[in-house]
Amino acid sequence: MKIAVMSCIHGNYAALDAVLLDIDQQKAEKIYCLGDLVGYGPHPNAVVEQIRSLDIPTVQGCWDEDIVEGLNACDCSYPSLLAEKRGKTAHEWTNKQVNPEVREYLAQLPHTYKEDNLCFVHGSPSSNHEYLLPEMDAFVALERVLSSDADVLFCGHTHVPYVRTLDSGQLQVKVNQPNQDEQATVSFNTPLKRIINVGSVGEPRHGRPNATYVVYDTEIDAVSLREVEYDYQKTCAAILDAGLPPIFAWRLARGLEFAEKADDPTHVCER
Amino acid sequence: MIIVIKKISMIIAVASPSGAGKTHWIHQQIAQTNESIGYFSPKTDFIPIDATYLQSEYPQLKIYQTGEEAALLAGSDQTITYIEIPWYLDLSGIEPLLTSLNSHRVAIISPDANNTEFTTWADEVVSGNQITKLTTSLQIHRGVLTGEILDFDSLATFWLEMTQGAYGEVVRAKGIFDLEDGQIYFGDFTANQPELEFKPLNLPRWLDGKPVRKSGFEIVGNNLKQAEIAQTVKDCCVPESAISYYQQQVKESLATEPEVELV
């Protein structure tokens with residue numbers, strides 16, 4: 001079965017519309033969404049309503065959580081004072097725009113969603129604020145997949161798509177017991193695991209404005225990273241019309257993302 | 001009979017369109033001599049970006065301020081004094097001073113641009129950076145900072161956005177900024193030239209409250225969004241309430257840094 005997995009729409013309705021059309025053309029039978037439906041972009045309500053109307057299984061992203069619970073992340077969320085200022089401006093604007101039904105929908109979203117040997121999260125199984133970057137330590141990456149009890153872990157949050165295959169995982173654990181001289185040693189091999197980062201629909205950070213998502217074939221374990229062109233100028237115009245900072249439109253048009261990127265990607269937010 | 005031989009000092013006036021490379025050329029000249037050197041750039045005292053940069057490279061450099069022209073006229077103690085003429089100054093306006101100083105005139109010109117004004121004016125012409133815009137059509141936006149301390153990552157983001165056109169078309173930008181590590185950083189951008197990274201200047205760290213020294217920036221281009229630039233720079237600043245905390249962290253960090261001995 002072909003499935004489509006997308007993430008990080010960030011209130012960009014034009015990008016979502018284009019991706020849904022592409023998914024239809026790819027003949028994917030089911031769609032999953034990894035959260036961050038809102039934040040920065042000009043159409044938070046329309047995006048949520050579209051996702052709801054299509055009954056797409058969705059997990060909660062960090063921005064969705066912030067809209068529900070308020071901004072209470074520790075300092076990890078922003079790489080600079082400027083990014084923090086912009087993030088807070090976007091949060092305040094979005095918080096005023098979302099209607100009660102949308103807020104209620106975002107509040108009930110789960111942090112993880114599991115189906116057969118597939119697990120869907122926003123950041124990582126540990127936290128929707130954690131970045132699973134492609135270069136992160138292999139042991140930590142493997143631990144994150146194992147903790148999800150799945151073979152394929154789909155994530156977003158970094159806004160840059162990638163596929164990482166973790167094979168030949170050999171783990172050896174030594175346990176020191178009190179009053180025992182000998183260490184208990186356990187060794188085991190892990191089956192092949194995968195992390196698939198699906199990129200971002202509405203706020204790409206790969207240097208082009210195009211939306212990205214993933215098509216995955218569960219029968220043959222094949223991944224296709226999709227990059228979809230759309231009328232990003234329409235979203236840029238809507239950003240300006242909404243009174244959001246013009247720099248958001250400028251950055252969107254260049255595939256530069258808006259702000260959020262932790263200094264320490266393995267840091268888990270202490271909230 | 002005692003004969004006193006007074007060393008004759010030379011005044012070299014340097015002019016060019018914006019971004020052609022006046023400061024760079026002066027820097028090169030100073031590097032090639034062991035003589036005592038003076039430097040004067042009229043009408044730039046409010047943000048002495050080039051003077052601060054050159055002073056950090058050459059601590060012995062004597063900097064003349066606006067109002068000290070009389071000292072130059074009386075004959076400076078320096079063997080050579082460079083007068084860097086900002087591109088926005090009218091050459092005819094500064095002519096009386098240059099004439100009275102009997103200065104040697106050097107024009108740094110862009111190879112393809114219309115440089116008639118400069119070539120007519122100069123005694124010596126030097127080829128400089130390629131410039132794509134006519135100086136006469138440009139706007140200039142200056143930001144004078146009064147003790148503000150900026151966050152480095154924020155400044156880097158702003159500088160990237162600004163030089164890539166987020167706040168209007170920029171052909172030239174330069175600035176000196178006090179950052180949270182106590183150092184003053186120099187930023188230098190000329191369109192179509194390899195971009196230089198921010199670098200800390202060889203000047204004392206300021207780690208006791210708001211810096212009491214001049215900093216700021218100068219942006220040259222077209223359709224500059226001055227209000228947005230000002231607001232973004234403001235958003236890059238460390239809150240006053242946090243300055244002491246940052247400076248204490250830096251002091252502790254410096255105190256624990258091992259000394260490196262070169263063998």
Side-chain angles (χ1 to χ4, degrees), chain A residues 39-41 71 73-93 131 133 158-160 203-209 232-233 235-237 239-265 267, chain B residues 141 143 145 148-170 175 177-181 185 187 195 197-198 210 217 219 221-247 249-250 253:
Chain A
Y40 291 114
L71 274 178
C74 67
D75 289 343
C76 69
S77 287
Y78 300 105
S80 69
L81 291 174
L82 185 60
E84 182 177 0
K85 174 85 178 174
R86 289 173 177 174
K88 285 180 176 172
T89 301
H91 173 82
E92 284 166 16
W93 183 89
Y131 289 83
L133 293 173
T158 70
H159 294 202
V160 182
E203 195 196 344
R205 192 163 64 84
H206 54 267
R208 294 178 295 280
Y232 63 87
Q233 293 293 3
T235 304
C236 291
I239 285 171
L240 300 179
D241 288 346
L244 283 160
I247 194 68
F248 288 4
W250 186 86
R251 294 186 70 94
L252 177 69
R254 283 152 185 82
L256 285 174
E257 200 186 31
F258 297 119
E260 207 168 345
K261 183 168 72 69
D263 278 335
D264 174 7
H267 171 78
Chain B
H141 174 60
L145 299 170
E148 283 86 353
I149 293 174
L150 281 75
D151 163 55
F152 182 84
D153 290 328
S154 299
L155 176 62
T157 300
F158 162 69
W159 198 262
L160 175 85
E161 292 171 350
M162 182 266 292
T163 54
Q164 291 192 4
Y167 309 103
E169 186 188 6
V170 174
F177 303 94
D178 274 296
L179 297 190
E180 68 267 62
D181 66 357
Y185 281 68
E195 191 168 351
E197 288 184 359
F198 278 104
K210 289 180 70 173
F217 57 89
I219 300 169
N222 289 306
N223 302 315
L224 298 178
K225 298 171 186 170
Q226 304 196 10
E228 273 185 58
I229 292 170
Q231 183 60 52
T232 307
V233 172
K234 191 177 171 190
D235 292 341
C236 294
C237 293
V238 174
E240 279 193 40
S241 57
I243 288 175
S244 171
Y245 169 78
Y246 276 109
Q247 291 178 336
Q249 298 287 316
V250 175
S253 166

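Just the heavy atoms: all of them, side chains too, but no hydrogens, waters or symmetry mates, feed the values below.
- Pro246(A) touches chain B through its side chain: at least one heavy atom from C-beta onward sits under 4.5 Å away, while N, CA, C and O do not.
- With sequence neighbours left out, Gln233(A) forms a side-chain hydrogen bond (donor to acceptor under 3.5 Å, both in side chains) with no residue at all.
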Next on the checklist: Checking Arg86(A) against Arg251(A) for the side-chain contact (heavy atoms from CB on, under 4.5 Å) test, could you report, in this order, the C-alpha distance in whole Å, the side-chain angles of both residues, the deciding distance, and whether it holds?
Outcome noted: CA-CA 12 Å; Arg86(A) 289 173 177 174; Arg251(A) 294 186 70 94; 4.1 Å; yes
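- For chain A, the nearby part of Tyr167(B) is the side chain; its heavy atoms alone come within less than 4.5 Å.
- Put simply, of Glu228(B), Lys234(B), Gln231(B), the one with the most heavy-atom pairs under 4.5 Å next to chain A is Glu228(B).
- Using a distance-only test at 3.5 Å, with no hydrogens or angles considered, a donor-acceptor pair links the side chain of His159(A) to the main chain of Glu203(A).
- Looking only at side-chain heavy atoms (C-beta outward), Asp153(B) and Leu81(A) stay at 4.5 Å or farther from each other.
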